[in-house]
Amino acid sequence: MKPAMKAKQRPLSPFMIGPYYKPQMTSLMSIAHRASGVFLSLVGAPLLLWWIVAVASGAEAYGALQTFFGNWAGQLLMAASLLGLFYHLFNGIRHLVWDSGRALDIRTAYTAGWLVLIASVLATAVMLGRML
Amino acid sequence: MTNPLARARGHGSAKSGVHHWLAQRVTAVFLVFLAGWLAYAVLALAGADFATARAFVARPFNAALLVLLVISMFYHAMLGLQVVIEDYVHRPAAAITLHFLVRAGAWLGMALAVVNILIIALGA
């Protein structure tokens, strides 16, 4: 390796978090998109899988699942999964629009960001309101 | 999605090109619709007893959508977690271990979900 190549110690990701950049709504929503994706992968998807397996297994397994979602811990996980799902869904649409080359100016990015935040909270509240 | 060879030359290895990027977005578009349906299903089945839940999944149309949902979902999750590991885990041994666990978990989740949906749909 050439000396010039290994001399430079470039910052490794996630360098956006730290002293280099001021937190902005756009960057916070970006990392929240990842965080919600990881949460849905590790919590939301397994909960859906558990529900499918319980419905296939029989009334007893389904009863255990119902008991879990009757507890505060189960309801908290359900609420968090719904919020994560709606945020990732709406913000994902925002990303797909960007991928098509549209709405890339700063003003629209912020407006769409607020719409995503409001819609996520509203959708979660409406769902929880109808479920409880 | 391809570029002319003349434009690609000299820019290094393209490996699988845009395949990962495109697969992530195609599954995302599927999931926009399927997640909407999932929200409807969760509302319809909130607090439902066992027989109602089973009858809902047993309907061929619902079973088909649920199969599409779990395949797109686990595949999309696998691609997403892969990028997160690539970006944030800088120790090769840890990264390879996590990549293996993510892939194994996603394919296992997909297989388990599809098999159990089929058990319900076929009334076994």
Side-chain angles (χ1 to χ4, degrees), chain A residues 12-17 31 33-66 69-70 75 78 81-82 84-86 88-93 95-96 98-100 123-124 126-132, chain B residues 21-22 24-25 28-29 31-32 34-36 38-58 63 66-67 69-70 73-74 76-81 83-90 102 105-106 108-110 112-121 124:
Chain A
L12 290 169
S13 189
F15 53 85
M16 297 293 286
I17 301 165
I31 196 69
H33 193 72
R34 285 203 158 181
S36 60
V38 171
F39 182 79
L40 289 171
S41 303
L42 301 183
V43 178
L47 283 182
L48 178 62
L49 179 61
W50 180 25
W51 184 85
I52 291 169
V53 172
V55 173
S57 302
E60 202 177 319
Y62 189 78
L65 180 138
Q66 277 189 313
F69 283 113
Q75 286 177 348
M78 174 60 101
S81 297
L82 284 176
L85 176 69
F86 283 123
H88 202 81
L89 172 64
F90 295 142
N91 201 46
I93 294 171
H95 272 280
L96 285 173
W98 280 335
D99 289 338
S100 76
T124 308
V126 168
M127 286 277 291
L128 288 176
R130 298 190 65 172
M131 287 167 73
L132 297 176
Chain B
W21 183 91
L22 195 58
Q24 182 95 60
R25 270 128 196 101
V29 173
L31 285 167
V32 168
L34 293 167
L38 177 67
Y40 153 76
V42 169
L43 272 185
L45 292 173
D49 59 16
F50 174 69
T52 312
R54 185 140 179 145
F56 180 89
V57 180
L66 200 52
V67 166
L69 170 67
V70 292
M73 177 185 75
F74 278 112
H76 186 83
M78 183 178 87
L79 296 174
L81 289 178
V83 176
V84 170
I85 295 165
E86 285 166 355
D87 282 355
Y88 302 136
V89 182
H90 303 302
V102 161
L108 182 66
M110 221 186 278
L112 265 177
V114 170
V115 166
N116 279 280
I117 295 164
L118 288 180
I119 287 174
I120 300 166

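Computation of the quantities below employed the complete heavy-atom set of this structure, encompassing side-chain atoms and omitting hydrogens, waters and symmetry-equivalent molecules.
- Contact of F86(A) with chain B is made through the side chain alone, with heavy-atom distances under 4.5 Å.
- Looking at A39(B), the atoms closer than 4.5 Å to chain A (heavy atoms on both sides) sit in the backbone and in the side chain alike.
- A pairwise comparison of heavy atoms in M131(A) and A46(B) identifies CG-CB, 3.7 Å as the closest pair.
- When each of M78(B), H90(B), H76(B) is checked for heavy-atom pairs under 4.5 Å with chain A, H90(B) comes out on top.
- Only the side chain of L81(B) comes within less than 4.5 Å of a heavy atom in chain A; its backbone stays farther off.
- Only the side chain of F74(B) comes within contact range of chain A, judged by heavy atoms closer than 4.5 Å.
- For H88(A), the part lying under 4.5 angstrom from a heavy atom of chain B is the side chain only.
- Heavy atoms of L89(A) lying under 4.5 Å from chain B belong exclusively to its side chain.
- In terms of heavy atoms, I120(B) sits closest to I52(A) at CD1-O, 3.8 Å.
- Closest approach of Y62(A) to A53(B), counting heavy atoms only: OH-CB, 3.6 Å.
- Taking all atoms of both residues into account, the shortest heavy-atom contact from S41(A) to A77(B) is OG-CB, 3.4 Å.
- Heavy-atom distances place no part of A61(A) under 4.5 Å from chain B, backbone and side chain included.
- With chain A as the partner, the residue from G109(B), A48(B), A28(B) showing the most heavy-atom pairs under 4.5 Å is A48(B).
- Contacts of V32(B) with chain A are made by both backbone and side-chain atoms, with heavy-atom separations under 4.5 Å.
- Summarising the geometry of L47(A) relative to S81(A), their closest heavy-atom pair is CD1-OG, 3.8 Å, with the distance given to 0.1 Å.
- Here the CE-CG distance, from M78(A) to L85(A), works out to 10.5 Å after rounding to the nearest 0.5 Å.
- Interatomic distance, Q75(A) CD to L82(A) CG, rounded to the nearest 0.5 Å: 11.5 Å.
- Only the side chain of I31(A) comes within contact range of chain B, judged by heavy atoms closer than 4.5 Å.
- Rounding to the nearest 0.5 angstrom, the gap separating the CE atom in M73(B) from the CG atom in L38(B) is 8.5 Å.
- At a threshold of 4.5 Å between non-hydrogen side-chain atoms, the residues F56(B) and V55(A) do not count as touching.
- With a 4.5 angstrom heavy-atom cutoff, L40(A) does not touch chain B via any of its atoms.
- For chain A, the option among V115(B), D49(B), V29(B) with the highest count of heavy-atom pairs below 4.5 Å is D49(B).
- Ranked by heavy-atom pairs shorter than 4.5 Å toward chain B, the options G37(A), G58(A), A54(A), G92(A) are led by G58(A).
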